[in-house]
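One structure below.
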Amino acid sequence: MISAEIRELFPILKQEVNGHPLVYLDSAATSQKPIQVIEALKHYYEWDNANVHRGVHTLGSRATDAYEGARAKVAKFIGAASEQEIIFTRGTTTAINIVAASFAESVLREGDEIVLTPMEHHSNLIPWQQAAKKSGATLKYIPLQPDGSISLADVENTITDRTKIVSIVYVSNVLGVINPIKEIAAIAHKHGAKIMVDGAQSTPHMKVDVQDLDCDFYALSGHKMCGPTGIGALYGKKSLLNNMEPVEFGGEMIDHVDLYESTWKELPWKFEGGTPMIAGAVGLGAAIDFLTEVGMDNIFKHDVELTNYALDRMMQIPDLAVYGPTTNRAGLVTFNLGDVHPHDVATVLDSMGIAVRAGHHCCQPLMRWLEQSSTARASFYLYNTEEDVDRLVTALLKTKEYFGDAIG
Ligand code: 7TS
């Protein structure tokens with residue numbers, strides 16, 4: 001277990017909520033930030049703040065170095081071949097929207113197929129629905145197994161020579177399942193299709209190597225991996241990004257501007273119109289330094305062990321239903337307590353200082369597949385301990401007692 005000293009580095013966790021020490025189990029929504037990230041943001045604003053890529057003055061070049069330095073850290077962290085393949089975005093949602101919009105414009109045509117799964121977060125679903133509407137392409141779904149996992153036989157059966165792109169989540173924010181991306185990428189490529197990976201929940205918990213996965217695009221959100229909100233990244237293979245049109249136009253992304261025509265900067269800046277999230281990138285760089293120091297393999301091991309511990313303990317609670325497969329999963333447990341509405345469960349848990357999320361988790365089609373209108377979810381990260389899980393289990397037993405007859 002790595003969390004005892006790690007926890008100390010997260011100031012927010014030291015507070016009481018509703019008279020109880022805070023147990024934060026909502027890291028899949030957004031993670032907490034270690035002191036190193038908070039200090040990096042403070043230092044940036046106190047010393048280096050200026051706009052990037054323009055000023056000849058000292059602060060301007062310091063800010064540019066810090067911003068571009070963060071890009072290099074992201075590239076190394078996910079195993080990109082070059083910094084030019086990393087585009088800073090607002091987060092995963094924006095990254096997927098860029099690819100979907102660009103594909104709708106220049107790749108997808110009537111009769112082409114976009115392949116997704118029913119477990120996708122709305123941000124890896126709606127951009128493709130829009131792309132399909134604009135281009136006349138068709139959406140196709142790889143079906144889920146009864147436990148929520150994906151079988152490669154179904155992947156083989158769904159992807160065809162008409163498939164232009166497969167867009168799929170690496171780790172589901174509801175089921176916790178880890179999808180076999182490398183194998184899916186190989187099948188997609190066999191048919192000449194590209195693959196986009198939603199890495200919002202994988203990047204915080206496991207070592208990612210985009211070249212080993214051989215994915216064409218990969219999206220991540222900084223705020224789920226100890227970084228600030230408002231910053232994330234799109235990785236894309238250089239050969240693909242070079243041939244894609246930008247989707248946002250304005251300052252920073254241009255080379256030459258005339259009254260009627262303009263040309264774009266080279267990668268990655270042609271996709272970064274306007275003043276970027278400079279401080280956010282600096283904070284994300286500090287988060288990556290922190291995660292690297294702890295070690296992604298250690299984080300993965302810790303999160304999986306804690307999830308298995310939570311699964312074991314929670315499955316012993318009568319009337320508590322747990323969703324998703326029992327193996328090959330990371331970081332979270334989604335559940336319902338009998339017929340008690342998950343918002344009520346979350347409210348009672350909050351009164352005991354425990355933060356969990358309740359709702360459809362931006363996965364309405366998956367909720368329908370689970371035949372639930374909503375669920376509760378406890379999600380774990382490197383600062384959580386077995387004691388946090390024990391507090392959750394005790395609180396769930398109390399919640400069960402509290403609702404009595406409503407359960408079952
Ligand atoms: N994809 C997945 C798998 C996610 O879990 C999320 C956010 C996103 C995409 C979108 O990320 P964003 O940073 O662009 O918003 N998931 C959640 C969640 O599970 N609870 O709150 C946000």
Side-chain angles (χ1 to χ4, degrees), residues 1 3 7 13 16-29 119 144-149 171-178 201 205 301-361 363 366-408:
M1 284 286 170
S3 35
R7 199 182 173 86
L13 298 177
E16 292 204 339
V17 168
N18 297 320
H20 302 272
L22 169 65
V23 173
Y24 186 76
L25 299 179
D26 196 19
S27 297
M119 74 171 85
L144 303 186
Q145 296 293 297
D147 68 354
S149 62
V171 173
S172 159
N173 64 318
V174 172
L175 303 167
V177 61
I178 306 171
Q201 299 293 347
H205 298 283
K301 188 166 176 284
H302 169 266
D303 295 349
V304 168
E305 278 174 12
L306 203 57
T307 306
N308 288 340
Y309 178 70
L311 273 174
D312 281 351
R313 291 221 54 196
M314 289 169 77
M315 285 193 314
Q316 285 165 27
I317 300 175
D319 302 315
L320 189 129
V322 166
Y323 305 106
T326 46
T327 55
N328 195 33
R329 51 182 293 153
L332 57 93
V333 179
T334 295
F335 61 95
N336 265 329
L337 189 58
D339 295 333
V340 184
H341 196 285
H343 280 140
D344 293 335
V345 173
T347 305
V348 176
L349 293 178
D350 182 56
S351 74
M352 296 185 247
I354 301 170
V356 300
R357 191 168 136 117
H360 53 60
H361 312 287
C363 288
L366 181 59
M367 289 297 123
R368 281 190 278 281
W369 183 85
L370 289 170
E371 297 180 349
Q372 302 294 320
S373 58
S374 57
T375 64
R377 180 187 68 191
S379 53
F380 312 108
Y381 208 10
L382 71 171
Y383 36 71
N384 290 119
T385 60
E386 284 192 357
E387 198 190 326
D388 290 341
V389 174
D390 294 342
R391 285 262 314 272
L392 171 69
V393 169
T394 308
L396 282 170
L397 288 168
K398 278 194 194 150
T399 311
K400 187 168 147 50
E401 229 169 78
Y402 180 81
F403 282 101
D405 288 346
I407 298 184

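Nothing fancy with the numbering, it's 1 onward along the sequence. As a basis for the values below, the full set of heavy atoms in this structure was taken, side chains included, without hydrogen atoms, waters or symmetry mates.
If you look at His205 and Tyr381, their ring centroids are closer than 6.0 Å.
The shortest distance between side-chain heavy atoms of Leu25 and Val23 falls below 4.5 Å. Within the 4.5 Å cutoff, the side chain of Thr385 has heavy atoms near those of the Arg7 side chain. Considering only heavy atoms from C-beta on, Val348 comes within 4.5 Å of Phe403 through its side chain. For the pair His341/Ser374, a side-chain contact is recorded, criterion being any heavy-atom separation below 4.5 Å from C-beta on. Residues Leu144 and Trp369 form a side-chain contact, since some pair of their non-hydrogen atoms from C-beta on lies under 4.5 Å apart. The closest side-chain heavy-atom distance from Leu332 to Asp303 is not below 4.5 Å. Using a 4.5 Å cut-off on side-chain heavy atoms (C-beta onward), Val322 and Asn336 make no contact. Between Asp390 and Arg313 there is a side-chain heavy-atom pair separated by less than 4.5 Å.
The minimum heavy-atom distance between Val333 and Ala310, with the atom names listed, is CG2-CB, 4.2 Å. Closest heavy-atom contact between Leu349 and Ala395: CD2-CB, 3.5 Å. The minimum heavy-atom distance linking Ser379 with Asn384 is given by the pair O-OD1, 4.0 Å. Taking both residues in full, the closest heavy atoms of Ser172 and Leu366 are given as OG-CD2, 4.4 Å, listed atom of the first, atom of the second, then distance. Among all heavy-atom pairs drawn from Cys363 and Met119, the shortest one is SG-O, 4.1 Å.
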Please walk me through it: do Val356 and Ile354 pass side chain to side chain contact (heavy atoms under 4.5 Å, CB included)?
-> CA-CA 6 Å; Val356 300; Ile354 301 170; 4.2 Å; yes
Going through the distances and angles, do Val174 and Met367 end up as a side chain to side chain contact (heavy atoms under 4.5 Å, CB included)?
-> CA-CA 9 Å; Val174 172; Met367 289 297 123; 3.9 Å; yes
Criterion side chain to side chain contact (heavy atoms under 4.5 Å, CB included) on Phe380 and Val389, from CA distance to verdict = CA-CA 9 Å; Phe380 312 108; Val389 174; 4.0 Å; yes
Evaluation steps, side chain to side chain contact (heavy atoms under 4.5 Å, CB included), between Leu392 and Met314 = CA-CA 9 Å; Leu392 171 69; Met314 289 169 77; 4.0 Å; yes
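Atom CD of Gln145 is surrounded by more than 12 heavy atoms from other residues, nucleotides or ligands within 6.0 Å.
Between Arg391 and Glu387 there is no salt bridge, since no side-chain nitrogen of the basic residue lies less than 4.0 Å from a carboxylate oxygen of the acidic one.
A donor-acceptor pair under 3.5 Å links the side-chain atoms of Gln201 to the main chain of Ala28, judged by distance alone.
For the side chain to side chain contact (heavy atoms under 4.5 Å, CB included) with Met352, the qualifying choice from Asn18, Thr394, Thr399, Val17 is Thr399, the only one to do so. For the side chain to side chain contact (heavy atoms under 4.5 Å, CB included) with Phe335, the lone residue among Leu396, Ile317, Leu311, Thr375 that qualifies is Leu396.
Atom OH in Tyr323 sits 7.0 Å away from atom CG in Leu370 (nearest 0.5 Å). The distance from atom CG of Leu22 to atom NE2 of His20, rounded to the nearest 0.5 Å, is 11.5 Å.
No side-chain donor-acceptor contact under 3.5 Å links His361 and Asn173.
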